[in-house]
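So the structure is just underneath, and the comments pick up after that.
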Amino acid sequence: MTAMSNLSSDVTELIFSYLPIPTLIRASTVCKLWHSIISSSTFSQLSTQSQKYPWFFLYGIHNTSSNFNQSFAFDPVSNRWFRLPSPTFPSQSSSFLGVDGFFLITAPFFTFSPILKRHLHSTSPLRFSRINPLVGVFDSGSSSPPSFIVVGGVRFIGNLVDIEDRLAVEIYNPNSDSWLLCPPLPADFRSGNSSQSLSSALFKRRFYVFGIYSCFISSFDLHTHLWSEVQTLRPPGVVFSFLISCMDRLVLAGICNGPLGSSFNLWKIEEATMEFSEIAIMPHDLLYGLFDGDEEDKFASLKCVGLGNLIYVFNEEYHKKYPACICEISSEDGKCRWRKVPQLPSPVNKFHKVVSFSSTVSLHSILQSEGGGDDVAPLQPMFD
């Protein structure tokens with residue numbers, strides 16, 4: 001049998017490309033050759049795991065004692081949960097949220113940090129400080145930092161909120177460290193303009209906003225800074241649903257009442273016409289395995305996030321310690337494959353609020369951060 005050390009760099013690189021990120025982190029510490037292969041830019045391009053298999057992040061916030069805050073990350077390739085160092089949460093937990101690659105604080109000041117680092121970067125102040133907004137992150141064409149779009153939310157003034165104000169959309173320009181004011185959410189969303197009643201998806205340079213219960217949908221064009229006409233996107237029997245941006249499509253995911261009872265369905269959305277077609281139904285045992293009893297309102301605690309080829313569905317109630325399942329949408333044949341996510345590693349505290357999101361994880365940025373200074377989270381022990 002040929003020893004690993006006798007293989008060519010190309011073959012070694014190919015073998016590494018099939019390994020999950022936690023295994024690659026450990027392998028990079030074996031020798032200088034393996035570290036140079038794994039940390040190279042060519043290997044980052046070869047390994048597409050971060051784009052196809054985004055991780056699931058869950059941050060638990062305890063309002064009375066930060067000692068009970070906890071943070072977890074789930075890697076779908078290794079099928080493992082990892083504990084993360086908890087970031088410093090603001091006293092106003094409604095201003096904390098996560099988007100692809102970052103967690104953010106929106107009030108009283110807008111700050112952001114890469115998800116696996118501890119250092120918060122502050123921007124110039126938002127014109128309208130707000131809590132529970134929708135936030136998207138997109139490439140502005142420059143290397144760093146990223147651009148953000150902030151939509152809706154509730155105005156935050158001191159310790160008071162103004163639920164009536166329709167807040168302007170604000171877009172962050174990292175080159176000038178300034179915020180551009182744009183038209184607010186259409187008036188149809190007035191009755192619920194925060195992330196508690198809305199979901200969003202950034203797809204093909206448009207920021208889609210969808211009413212979880214109202215089923216209103218509109219999109220904001222990042223080029224023209226204009227909103228599209230508000231439409232209703234409600235498949236038959238839908239009780240509530242979430243809009244997800246997958247790799248090559250928009251997907252609607254939600255609870256549906258049918259002749260055989262409640263189910264959790266996925267629909268593919270044609271963004272040009274807003275027509276929908278059903279692509280999957282979660283297996284009955286997986287859905288009801290997320291709950292303990294048969295209460296009529298049990299589905300109200302169901303949440304859904306997704307990115308790339310993966311959609312995560314979970315119960316944000318503590319009594320079952322936040323169980324979850326995952327659906328992988330094949331990029332080859334479009335088929336959907338469901339499976340249960342392992343339980344969170346014990347102990348799991350009881351939280352007053354759970355912040356969840358799906359995000360790509362860059363192997364290159366993790367390896368760079370290991371020597372990045374005091375502001376970097378201790379990543380290596382996380383993967384031991």
Side-chain angles (χ1 to χ4, degrees), residues 52 54 100 134 136 151-152 185-189 191-193 195-222 226-284 286-288 290 299-300 302-314 324-339 356-358:
K52 287 186 62 177
D100 184 22
L134 300 171
V151 177
L185 268 172
D188 305 67
F189 294 96
S191 61
N193 59 2
S195 58
Q196 294 177 318
S197 56
L198 300 175
S199 71
S200 61
L202 190 59
F203 186 71
K204 294 183 178 179
R205 306 293 291 183
R206 301 187 74 93
F207 188 78
Y208 288 83
V209 175
F210 177 76
I212 296 173
Y213 301 97
S214 69
C215 295
F216 291 150
I217 187 170
S218 181
S219 64
F220 181 86
D221 191 311
L222 293 176
L226 296 175
W227 287 98
S228 68
E229 179 184 357
V230 177
Q231 297 176 262
T232 301
L233 179 60
R234 189 193 297 272
V238 164
V239 180
F240 63 87
S241 51
F242 305 87
L243 191 66
I244 308 292
S245 176
C246 291
M247 192 164 280
D248 62 347
R249 69 188 72 182
L250 283 173
V251 173
L252 194 66
I255 287 292
C256 184
N257 285 336
L260 301 179
S262 298
S263 61
F264 191 89
N265 298 25
L266 302 181
W267 296 269
K268 178 182 177 180
I269 307 302
E270 297 293 341
E271 70 269 18
T273 61
M274 287 295 120
E275 295 180 351
F276 53 84
S277 56
E278 184 179 278
I279 57 175
I281 300 177
M282 184 191 299
H284 184 274
L286 274 184
L287 176 61
Y288 284 83
L290 299 177
F299 295 121
L302 209 61
K303 301 297 179 183
C304 182
V305 297
L307 198 65
N309 285 359
L310 302 181
I311 293 177
Y312 295 94
V313 184
F314 72 103
C325 63
I326 181 175
C327 177
E328 178 181 349
I329 304 175
S330 172
S331 56
E332 297 177 357
D333 56 18
K335 292 183 178 179
C336 298
R337 298 170 178 83
W338 299 84
R339 60 186 167 97
S356 60
F357 61 100
S358 183

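Predicted model only: the values in this text are computed from it and were never measured.
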Quick check: do [X] and [Y] have side-chain heavy atoms less than 4.5 Å from each other?
X    : Y    : value
L202 : L222 : yes
M282 : C325 : yes
W267 : C256 : yes
F210 : C215 : yes
I329 : C246 : yes
L243 : F203 : no
L287 : F299 : yes
L198 : L185 : yes

Going from [atom1] on [X] to [atom2] on [Y], what distance comes out if it is rounded to the nearest 0.5 angstrom?
X    : Y    : atom1 : atom2 : result
F207 : S200 : CZ    : OG    : 3.5 Å
F276 : S241 : CZ    : OG    : 10.5 Å
H284 : S263 : NE2   : OG    : 9.5 Å
S356 : K303 : OG    : NZ    : 8.5 Å
I269 : I244 : CD1   : CD1   : 11.0 Å
Y208 : S218 : OH    : OG    : 9.5 Å

Should the pair F216 and F189 be assigned to parallel (<30°), tilted (30 to 60°) or perpendicular (>60°) ring geometry? perpendicular

Please work out which of the three classes, parallel, tilted or perpendicular, describes the rings of F242 and F240, given edges at 30° and 60°.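 Perpendicular: the ring planes of F240 and F242 meet at over 60°.
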
Applying side-chain contact (heavy atoms from CB on, under 4.5 Å) to I326 and E328, what does each step give before you reach the verdict? CA-CA 7 Å; I326 181 175; E328 178 181 349; 5.7 Å; no

Qualifying residue, where the test is side chain to side chain contact (heavy atoms under 4.5 Å, CB included) with L266 and the options are I279, I281, V313, L252: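 Single pass found, and it is I279.
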
Partners meeting side chain to side chain contact (heavy atoms under 4.5 Å, CB included) with K204 (sequence neighbours left out):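 For K204 the side chain to side chain contact (heavy atoms under 4.5 Å, CB included) partners, ignoring immediate neighbours, are E271.
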
Ignoring hydrogens and geometry, is there a side-chain-to-backbone donor-acceptor pair from S199 to I212 under 3.5 Å?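 Answer holds: no.
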
What is the minimum heavy-atom distance between [X] and [Y], and which atoms define it?
X    : Y    : value
K335 : R337 : O-NH1, 3.7 Å
Y312 : P54  : OH-O, 2.7 Å
Y288 : S262 : OH-O, 3.8 Å

Tell me, with the steps shown, if S228 and D221 meet side-chain contact (heavy atoms from CB on, under 4.5 Å). CA-CA 8 Å; S228 68; D221 191 311; over 6 Å; no

